[in-house]
Amino acid sequence: MIVVYCGCILYNHFPLSGQVTIIDIGQRDSIFLTTPIFRKTCLIDTGGKLAFGHHKNTNNRVEQITIPYLKYQGITHLDYVFLSHQDADHIGDLHVLLQKFPVRRVCFADGMQNNQAVARQLRPFQQQVQFIKMHLSDTVAVAPELHLKVVWPNHLSKGINEDSLSLIAAIQNKRWLFTGDLNRANELKLFKSNYHIDYLKAGHHGSKTASDPQFLKKINPQLVLISAGRHNRYGHPHP
């Protein structure tokens with residue numbers, strides 16, 4: 001029994017495979033990536049509260065779902081957190097994550113630090129977390145088997161949808177593309193010619209403002225994943 005117990009602990013902390021997980025936090029975005037064995041960990045966006053008129057959703061999905069999930073996986077810290085843009089449903093719970101769970105680096109498109117909503121969340125943690133400003137074509141070598149390359153924006157970011165930090169993750173000869181809430185016009189600017197993507201996380205929760213048919217034809221994905229809340233009021237994904 002002791003051998004079995006020790007084996008389970010080792011497997012939990014040194015898994016033989018990596019993973020890409022779309023965390024189930026409703027009408028929000030949060031994607032978790034890990035590498036095998038000596039595990040490196042990345043989170044793309046944290047999700048966050050959505051406000052509708054005078055009603056404010058007080059559910060804290062990072063504390064209720066994300067952190068328990070990470071601990072269940074035997075994860076003690078995050079090596080990287082990438083921020084796509086300012087919207088609350090993408091980074092609204094960033095401050096909660098930074099308060100409640102160890103994070104080593106936070107990465108964002110250069111210019112986002114000047115956005116008041118983003119700066120307000122980052123400011124209290126500037127002594128304990130490394131902030132990395134990213135530019136077009138920058139690559140983060142998380143591990144030999146996981147590289148992330150910036151493919152947008154091509155200018156200083158204001159933190160809006162059109163500036164969404166877009167990343168290609170190269171994982172074991174497969175390409176994943178994460179585009180935040182990037183709009184159709186800028187999707188078409190990502191690649192000058194056909195560029196095959198194996199797995200696409202659909203932009204803007206499957207909204208009609210993203211996933212331009214010409215763009216999908218250009219990248220020809222094998223699988224498309226949509227992060228949207230069940231029966232959400234936006235009607236996402238759009239037909």
Side-chain angles (χ1 to χ4, degrees), residues 8-9 12-13 15 18-35 39-109 112-113 115-132 142 148 159 161 164-165 167 169 178 180-181 201 204-206 225-234 236:
C8 291
I9 293 295
N12 199 30
H13 288 274
Q19 66 186 67
V20 178
T21 302
I22 312 297
I23 300 179
D24 184 5
I25 53 172
Q27 187 65 23
R28 302 164 174 87
D29 256 22
S30 191
I31 301 114
F32 179 57
L33 298 83
T34 69
T35 64
R39 186 163 48 187
K40 296 293 184 180
T41 56
C42 302
L43 190 70
I44 302 174
D45 287 336
T46 66
K49 302 178 181 69
L50 294 171
F52 299 103
H54 297 294
H55 173 73
K56 193 169 185 179
N57 190 332
T58 57
N59 290 336
N60 183 329
R61 300 300 177 92
V62 159
E63 204 165 4
Q64 293 175 351
I65 297 173
T66 306
I67 292 176
Y69 175 72
L70 296 177
K71 290 181 176 179
Y72 168 76
Q73 296 278 325
I75 292 160
T76 58
H77 69 276
L78 289 168
D79 292 296
Y80 293 90
V81 173
F82 293 89
L83 310 180
S84 65
H85 64 297
Q86 69 169 353
D87 287 0
D89 57 326
H90 286 255
I91 67 165
D93 282 342
L94 173 64
H95 66 290
V96 179
L97 178 70
L98 297 179
Q99 284 173 355
K100 303 289 185 179
F101 200 78
V103 174
R104 293 181 176 171
R105 306 169 191 89
V106 174
C107 305
F108 46 84
M112 264 186 72
Q113 71 276 10
N115 181 296
Q116 291 186 6
V118 177
R120 191 162 47 248
Q121 293 212 63
L122 294 177
R123 195 174 298 116
F125 306 100
Q126 56 189 349
Q127 300 301 321
Q128 67 190 65
V129 180
Q130 181 184 0
F131 297 151
I132 301 176
V142 177
L148 292 124
N161 287 1
S164 288
L165 180 68
L167 300 165
F178 307 98
D181 281 356
K201 200 290 296 181
H204 209 177
H205 318 281
L225 300 158
I226 299 174
S227 182
R230 187 181 182 207
H231 302 316
N232 66 84
R233 65 181 65 208
Y234 301 102
H236 295 167

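These numbers come from the heavy atoms of this one structure, side chains and all, not from hydrogens, waters or symmetry mates.
- Between the CG atom of Asn60 and the CD1 atom of Ile25 there is a distance of 10.5 Å, given to the nearest 0.5 Å.
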Report the C-alpha distance between Thr41 and Leu33 in whole Å, list the side-chain angles of each, state the deciding distance to 0.1 Å, and finish with yes or no for side-chain contact (heavy atoms from CB on, under 4.5 Å).
CA-CA 6 Å; Thr41 56; Leu33 298 83; over 6 Å; no
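- Counting all heavy atoms, side chain and backbone alike, Gly47 lies closest to Ser30 at N-CB, 4.3 Å.
- Taking the ring pair (Phe, Tyr, Trp, His ring centres under 6.0 Å) definition, one finds that His95 meets it with nothing, sequence neighbours left out.
- Annotation: side chain of Phe178 is in contact with side chain of Ile31 (closest heavy-atom distance under 4.5 Å).
- Remark: side-chain polar atoms of Arg28 are paired, donor with acceptor, to backbone N or O of Gly48 under 3.5 angstrom.
- Counting non-hydrogen atoms of other residues, nucleotides and ligands closer than 6.0 Å to CG of Asn232 gives a total above 12.
- Between Val129 and Leu122, every side-chain heavy-atom pair lies at or beyond the 4.5 Å cut-off.
- For Gln116, the CD atom sits in a loose shell: 12 or fewer heavy atoms of surrounding residues, nucleotides or ligands are nearer than 6.0 Å.
- His77 pairs by the side chain to side chain donor-acceptor pair (under 3.5 Å) definition with Asp79, Arg104, not counting sequence neighbours.
- Distance check, rounded to the nearest 0.5 Å: OG1 of Thr66 to CD of Gln64 gives 9.5 Å.
- Considering every non-hydrogen atom in both Leu94 and Thr46, the closest pair reads N-OG1, 3.3 Å.
- Side-chain contact check for Leu78 versus Pro102: every heavy-atom pair is 4.5 Å or farther apart.
- Taking Tyr80 as the reference, Phe82 meet the ring pair (Phe, Tyr, Trp, His ring centres under 6.0 Å) condition, with sequence neighbours excluded.
- To the nearest 0.5 Å, atom CG of residue Leu83 and atom CD1 of residue Ile132 are 11.0 Å apart.
- The distance from atom OG1 of Thr76 to atom CZ of Arg39, rounded to the nearest 0.5 Å, is 8.5 Å.
- At a threshold of 4.5 Å between non-hydrogen side-chain atoms, the residues Phe131 and Gln113 do not count as touching.
- From Leu98, atom CG reaches atom CD of Gln128 across 7.0 Å, with rounding to the nearest 0.5 Å.
- Checking side-chain atoms of Asp93 against main-chain N and O of Val96 turns up no donor-acceptor pair under 3.5 Å.
- Considering every non-hydrogen atom in both Ser227 and His205, the closest pair reads O-ND1, 2.9 Å.
- For Gln99, there are no side chain to side chain donor-acceptor pair (under 3.5 Å) partners, not counting sequence neighbours.
- We find that Lys201 and Asp29 are joined by a salt bridge, their nearest charged nitrogen and carboxylate oxygen being less than 4.0 Å apart.
- Shown here are the side chain to side chain contact (heavy atoms under 4.5 Å, CB included) partners of Leu225, two or more places apart in sequence or in another chain: Ile22, Trp176, Leu223.
- Contact annotation: the side chain of Val103 never approaches that of Leu43 to less than 4.5 Å [non-hydrogen atoms, C-beta and beyond].
- For Ser164 and Asp181, the side-chain atoms include no donor-acceptor pair closer than 3.5 Å.
- Checked against Phe32 for a side-chain contact (heavy atoms from CB on, under 4.5 Å), the options Val20, Ile75, Ile44 give a single hit: Ile75.
- Minimum heavy-atom separation, Ile91 to Gln121: O-NE2, 2.8 Å.
- Between the side chain of Gln27 and the backbone N or O of Arg233 there is no donor-acceptor pair closer than 3.5 Å.
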Test ring pair (Phe, Tyr, Trp, His ring centres under 6.0 Å) on His204 and His90 and set out the steps.
CA-CA 10 Å; His204 209 177; His90 286 255; 7.8 Å; no
Just do the side-chain contact (heavy atoms from CB on, under 4.5 Å) check on Phe108 and Val106 with the steps written out, would you?
CA-CA 7 Å; Phe108 46 84; Val106 174; 4.1 Å; yes
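- Looking at residues two or more places apart in sequence or on another chain, you find a side chain to side chain donor-acceptor pair (under 3.5 Å) between Asp87 and His85.
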